[in-house]
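Notes follow once the structure below has been shown.
Positions are given from 1, in the same order as the sequence printed here. The structure presented is a predicted model; accordingly, all values stated were derived computationally and were not measured. Both ligands and their constituent atoms are indexed starting at 1 by order of listing.
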Amino acid sequence: MKIIKVKNYDEMSEEALKIVLNVVKNKPNAVLGLATGSTPLGLYAKMAEDHKQNGTSYAECRAVNLDEYVGLDVNSDQSYVYFMRENLFKNIDIKLENTHIENGKAADKDEECTRYNALLDELQQDIQILGIGSNGHIAFNEPGTPFDSVTHIVDLAESTIKDNSRLFNSIDEVPRQAFTMGLSNIMNAKKIVILANGSGKAYAINELVNGEIREDVPATILRNHPDCTLICDELAGKDI
Ligand code: PGA
């Protein structure tokens with residue numbers, strides 16, 4: 001795993017932007033694996049700014065997102081489909097019909113997982129952007145998720161519900177379940193970039209870099225990937 005340690009959040013986002021632009025310039029119809037959360041917001045703002053200033057086009061790109069809350073769809077401003085539209089898609093020229101995410105409102109959840117896995121088989125990510133949970137989760141693959149997992153439904157860990165409650169009016173509003181790409185879907189990406197900032201991520205980053213590769217800390221599987229880059233700020237990387 002390549003490690004890029006930077007001073008702060010802005011530099012982390014800038015380094016990530018360089019890698020994304022390189023992928024898109026070399027392959028205009030690249031499949032972008034995207035993530036939600038606070039971590040990639042700076043990257044998305046920089047992609048939007050670059051699109052505006054330099055005209056980098058995403059018109060031929062496809063996007064696949066990691067995860068979505070069960071029960072939420074675009075009509076909820078807490079859904080991840082809404083997050084992506086507001087924070088990235090409306091600010092670049094990607095076509096909405098080329099953007100994909102699990103349907104949080106699917107009537108048959110198992111069928112939805114099957115549909116999304118088939119889609120991911122067709123749309124191998126040229127690059128996958130990841131954040132990391134304070135407990136070492138990636139997407140909503142919580143500790144204990146099998147390394148060979150594909151898209152599935154998860155019961156969210158209490159720590160994740162607590163971490164994410166800041167984005168809801170109250171902790172009771174945080175959904176208890178989510179759809180998530182599995183670890184094997186993530187590892188299938190040609191290139192992975194994992195971003196982390198802030199001291200809340202220091203434990204997870206230390207485990208990712210120095211811990212035993214084990215299902216109890218899902219992110220450790222990334223050390224088995226041939227092209228994975230960790231970009232972290234000083235606080236997240238303080239123990240590595
Ligand atoms: P965050 O979430 O970017 O909001 O910190 C990361 C994650 O839980 O994967």
Side-chain angles (χ1 to χ4, degrees), residues 6 8-13 15-17 20 33-47 64-70 72 77-84 86-88 101-102 104 125 127-145 149 151-152 154-168 171 173-183 185-187 189 192-209 215-222 225 228-238:
V6 295
N8 54 36
Y9 182 76
D10 187 65
E11 283 183 20
M12 178 196 79
S13 307
E15 288 299 322
L17 176 72
V20 169
L34 300 173
T36 51
S38 322
T39 311
L41 279 175
L43 165 65
Y44 297 159
K46 285 178 190 289
M47 286 168 71
V64 289
N65 257 84
L66 291 170
D67 44 16
E68 178 63 283
Y69 287 117
V70 166
L72 303 191
D77 58 10
Q78 312 292 357
S79 69
Y80 286 168
V81 61
Y82 181 89
F83 176 104
M84 290 309 301
E86 284 303 303
N87 292 299
L88 182 63
I101 189 164
E102 298 94 333
Q125 307 96 309
I127 181 170
Q128 177 66 58
I129 303 296
L130 294 176
I132 186 168
S134 58
N135 62 0
H137 75 209
I138 46 177
F140 274 133
N141 294 288
E142 301 286 15
T145 306
S149 54
T151 305
H152 61 287
V154 288
D155 293 326
L156 300 181
E158 275 309 315
S159 62
T160 302
I161 292 170
K162 196 161 155 267
D163 286 351
N164 290 5
S165 65
R166 70 186 191 283
L167 305 168
F168 290 79
I171 195 160
E173 285 182 21
V174 186
R176 267 36 188 181
Q177 284 193 317
F179 288 97
T180 185
M181 264 192 214
L183 294 166
N185 304 119
I186 292 171
M187 288 293 281
I192 296 178
V193 175
I194 180 158
L195 307 175
N197 68 285
S199 56
K201 304 295 171 71
Y203 161 79
I205 293 305
N206 190 31
E207 289 293 330
L208 166 61
V209 174
E215 291 180 348
D216 268 352
V217 186
T220 55
I221 196 181
L222 299 174
H225 194 278
C228 178
T229 302
L230 162 67
I231 310 175
C232 63
D233 75 350
E234 278 174 357
L235 290 172
K238 71 184 170 64

When the aromatic ring centroids of Phe140 and Tyr69 are compared, is their separation below 6.0 Å? yes
Lys201 with Asp233: basic N within carboxylate O range, under 4.0 Å: no
Nearest neighbour in protein (non-hydrogen) for atom 3 (O) of ligand 1: Thr39 OG1, 2.4 Å
Against heavy atoms of Arg166, which atoms of ligand 1 measure under 4.0 Å? 4 (O)
Considering only non-hydrogen protein atoms, determine which one is nearest to atom 7 (C) of ligand 1 and report residue, atom name and distance to 0.1 Å. His137 NE2, 3.4 Å
Checking side-chain polar atoms at under 3.5 Å, does Asn135 have a donor or acceptor matched by the opposite partner on Glu142? yes
Residue portion contacting ligand 1 (non-hydrogen atoms closer than 4.0 Å) for Thr160: neither
Approximate separation, where rounding is to 0.5 Å, of Tyr80 OH and Asp67 CG: 5.5 Å
Taking 4.0 angstrom as the limit and counting only heavy atoms of Gly37, give me the atoms of ligand 1 inside it, by number and element. 3 (O), 4 (O)
Out of Thr145, Thr160, Asp163, which residue meets the side chain to side chain donor-acceptor pair (under 3.5 Å) rule with His137? Thr160
May I ask you to check if ligand 1 and Thr36 share an N or O to N or O distance below 3.5 Å? no
When you measure from atom 6 (C) of ligand 1 to every protein heavy atom, which one gives the shortest distance, and what is it? Ile132 O, 3.5 Å
Rounding to 0.5 Å, atoms CE (Met12) and CD1 (Ile231) come to a distance of 7.5 Å
Nearest protein heavy-atom contact for atom 2 (O) of ligand 1: which residue, which atom, what distance? Lys201 NZ, 4.2 Å
